[in-house]
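Owing to the predicted nature of the structure, the values given are computational and were not obtained by experimental measurement. Here is the naming used below: chain letters follow the sequence lines, and residue numbers restart at 1 for every chain.
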2 protein chains.
Amino acid sequence: MFSQSEENYIKTIYHLEADFKKGISTNAIAKKLDTKASSVTDMIKKLSEKDVVTYKKYQGVTLTDFGKKTAANIVRKHRLWEVFLVDKLNFSWDEVHEVAEQLEHIKSPKLINELDAFLEYPKRDPHGDPIPDKEGNLQIIEKSLLSTLKENEIGVCVGVDDSSSEFLRFLDKQGVALGKQIKVVEKEPFDGSLVIEMDGKTLSVSNKIASNLYIQKSR
Amino acid sequence: MFSQSEENYIKTIYHLEADFKKGISTNAIAKKLDTKASSVTDMIKKLSEKDVVTYKKYQGVTLTDFGKKTAANIVRKHRLWEVFLVDKLNFSWDEVHEVAEQLEHIKSPKLINELDAFLEYPKRDPHGDPIPDKEGNLQIIEKSLLSTLKENEIGVCVGVDDSSSEFLRFLDKQGVALGKQIKVVEKEPFDGSLVIEMDGKTLSVSNKIASNLYIQKSR
DNA sequence: ATATATTTTTAGACTAACCTAAAAATATAT
DNA sequence: ATATATTTTTAGGTTAGTCTAAAAATATAT
Ligand SMILES: [Mn+2]
Ligand SMILES: [Mn+2]
Ligand SMILES: [Mn+2]
Ligand SMILES: [Mn+2]
């Protein structure tokens with residue numbers, strides 16, 4: 001059984017590995033967890049002791065299979081709770097993260113399995129991120145950043161890269177939501193902005209937005 | 001904002017005060033929390049510092065109004081989560097306590113208010129205990145231990161005193177549940193056992209059970 | 001290749017929440 | 001009333017998780 005703090009480290013390493021492969025640096029972890037590198041070194045030693053990570057001094061850290069499974073289970077809980085908050089308790093997608101950050105640490109296998117069933121086995125969380133199954137496997141879908149699409153390409157909005165409240169609320173204001181069909185009408189090379197068609201209307205989105213929105217291209 | 005540990009102390013003092021009025025002893029708290037008296041003294045000082053309790057050395061501890069409100073809010077969360085687990089996630093009434101013990105510490109006013117609404121504002125938890133409202137008030141109902149009823153008195157089962165898994169599962173086995181009508185047929189002075197009528201059948205219950213079951217008498 | 005900058009680890013401290021053992025206060029029994 | 005028992009507090013330690021500052025290792029730039 002892991003402490004809340006240990007779980008937060010494990011989850012963070014998992015997310016960093018998804019982005020940057022093996023050998024996650026002390027500093028990278030410290031930055032994500034808003035703590036100091038020296039604290040990370042301490043914790044890393046403990047996690048290595050517990051066979052969650054492999055660790056060679058100065059070489060960064062990598063999750064073991066056991067560590068990966070543990071991490072996936074925490075992520076599974078986090079995302080299932082997010083679905084619960086949005087689907088059942090009227091939270092909006094920009095409000096769920098902080099609470100899920102707490103709920104993910106509740107220890108009860110029955111709770112999480114029953115929650116999964118109650119929510120009818122959702123496959124993705126409110127931000128479009130996949131929910132790992134009990135074994136820790138998660139299905140990856142083919143998705144591309146909106147900014148990488150070419151003119152006239154069409155797709156469906158399936159996720160966000162940055163899921164900060166600010167970004168999500170901004171998307172709300174623009175009427176952008178998961179499941180919406182988007183067509184790239186025009187790309188502006190000067191500032192990287194795009195003119196897109198959505199809900200039959202055309203609007204312009206900045207490069208900043210376009211490089212944070214995931215699109216599943218229509219074949 | 002209080003730590004999980006502080007919250008557990010506050011809640012425990014609250015429950016003890018309900019049973020024994022003011023001036024809760026260090027030892028009583030230690031026993032309930034399964035910790036040492038010296039640890040309790042430490043924590044009591046901190047809580048007194050934070051104006052949760054009033055404390056005079058060797059005189060025991062009493063919740064302030066602020067302390068009472070804080071406690072009631074924790075109890076509110078505990079009981080609402082218990083209702084959720086039973087009503088929505090197929091937990092039985094003997095399985096919920098341990099999980100609610102964790103869930104009660106989640107910090108999010110919106111979460112608990114939405115949960116309350118989602119559950120349609122329940123008034124009692126699965127054990128018949130009242131759920132405090134947002135202000136910390138809880139409605140008390142007139143209830144008596146089954147063991148105090150006289151022959152031929154009739155009432156409805158509305159709660160349990162001991163809510164240990166063992167007792168609750170035993171009640172399940174006997175077919176006793178909240179809401180069941182019970183009539184005292186006969187009292188056995190020798191061992192304090194009772195013959196009762198329930199669901200049209202008569203059965204005998206030991207004194208141990210009769211003094212852990214709350215009945216609301218039919219006027 | 002060497003100097004400089006950056007990253008990582010170590011050393012030493014702090015706080016929260018525990019503990020044991022001893023001392024002090026209070027309660028109980030004769 | 002005094003002696004004894006019990007309860008409560010104090011004193012001093014431990015562990016988890018954090019911090020700052022300094023030392024060591026590694027990376028980068030000339
Ligand atoms: Mn968390
Ligand atoms: Mn999410
Ligand atoms: Mn608790
Ligand atoms: Mn209960």
Side-chain angles (χ1 to χ4, degrees), chain A residues 1-13 16-17 19-63 67 70-71 74 101-102 104-105 107, chain B residues 1-14 16-17 19-63 67 70-71 74 101-102 104-107:
Chain A
M1 209 84 320
F2 297 101
S3 72
Q4 197 150 319
S5 187
E6 287 172 325
E7 290 191 344
N8 284 335
Y9 276 91
I10 295 168
K11 195 183 58 164
T12 298
I13 296 166
L16 287 169
E17 274 190 8
D19 295 349
F20 307 106
K21 314 295 167 197
K22 327 232 129 183
I24 302 304
S25 78
T26 302
N27 257 0
I29 298 168
K31 179 170 279 180
K32 278 267 185 191
L33 284 173
D34 196 27
T35 182
K36 295 297 147 91
S38 54
S39 306
V40 175
T41 302
D42 282 356
M43 181 60 91
I44 272 172
K45 285 177 180 167
K46 198 168 27 142
L47 293 179
S48 155
E49 210 50 51
K50 294 189 178 185
D51 292 315
V52 172
V53 297
T54 56
Y55 168 59
K56 280 269 170 49
K57 269 189 197 178
Y58 296 99
Q59 301 313 126
V61 93
T62 305
L63 287 173
T70 304
I74 302 165
E101 204 57 47
Q102 301 176 60
E104 71 189 358
H105 302 292
K107 265 106 181 155
Chain B
M1 211 81 322
F2 296 101
S3 71
Q4 198 150 316
S5 186
E6 286 172 325
E7 289 191 345
N8 283 335
Y9 275 91
I10 294 168
K11 195 183 60 165
T12 298
I13 297 166
Y14 178 82
L16 287 169
E17 274 189 8
D19 296 348
F20 307 106
K21 312 298 167 199
K22 329 231 130 188
I24 302 306
S25 80
T26 303
N27 257 359
I29 299 168
K31 181 170 280 179
K32 279 268 183 187
L33 284 173
D34 195 27
T35 182
K36 295 298 147 92
S38 53
S39 306
V40 175
T41 303
D42 281 356
M43 181 59 90
I44 273 172
K45 284 178 179 166
K46 198 170 27 147
L47 292 178
S48 157
E49 210 48 55
K50 294 189 177 186
D51 292 315
V52 172
V53 299
T54 56
Y55 167 60
K56 280 271 171 45
K57 271 188 198 178
Y58 296 98
Q59 299 314 125
V61 92
T62 304
L63 287 173
T70 304
I74 302 165
E101 205 57 47
Q102 300 176 58
E104 71 190 356
H105 303 292
I106 302 292
K107 266 107 182 155

So what does B/T41 touch, heavy atoms closer than 4.0 Å: a base, only the sugar-phosphate, or nothing? base
Euclidean distance, B/D42 CG relative to B/Y9 OH, rounded to 0.5 Å: 8.0 Å
A/K45 near the nucleic acid: base, sugar-phosphate alone, or nothing, with a heavy-atom cut-off under 4.0 Å? sugar-phosphate
Does B/S38 have any side chain to side chain contact (heavy atoms under 4.5 Å, CB included) partners at least two apart in sequence or in another chain, and if so, which? B/K36
B/M43 CE to C/dT15 C1', straight-line distance once rounded to whole Å: 12 Å
Which value, rounded to the nearest 0.5 Å, describes the distance between B/I106 atom CD1 and A/Q102 atom CD? 5.0 Å
Partner set under salt bridge (Lys or Arg N to Asp or Glu O under 4.0 Å) for A/K50, not counting sequence neighbours: A/E6
What is the distance from OH of A/Y55 to C1' of C/dT10, rounded to the nearest Å? 10 Å
Contacts under 3.5 Å, N or O only, protein and nucleotides 26-28 of chain C:
none

Rounded to the nearest 0.5 Å, how far does CG of A/D34 lie from OG of A/S39? 10.5 Å
Using the salt bridge (Lys or Arg N to Asp or Glu O under 4.0 Å) criterion, which residues pair with B/E7? Sequence neighbours excluded. B/K107
Report the distance from atom CG of A/L47 to atom P of D/dA16, rounded to the nearest whole Å. 12 Å
Over all heavy atoms of both residues, which pair between B/E101 and B/N8 is shortest? Give the atoms and the distance, please. OE2-OD1, 3.7 Å
Output row for DNA chain D, stems defined as at least 3 consecutive Watson-Crick or G-U pairs under 3.5 Å, is C:1-30 with D:1-30
On DNA chain C, does the nearest nucleotide to A/G60 precede the nearest nucleotide to B/D42 from the 5' side, or the other way round? Give the residue. A/G60
Rounded to whole Å, the NZ-P distance (B/K56 to D/dT8) equals 17 Å
Sorted by number, residues from residues 24-39 of chain B placing a heavy atom under 4.0 Å from DNA chain C are B/T35, B/K36, B/S38, B/S39
Approximate separation, where rounding is to 0.5 Å, of A/L47 CG and A/I13 CD1: 6.0 Å
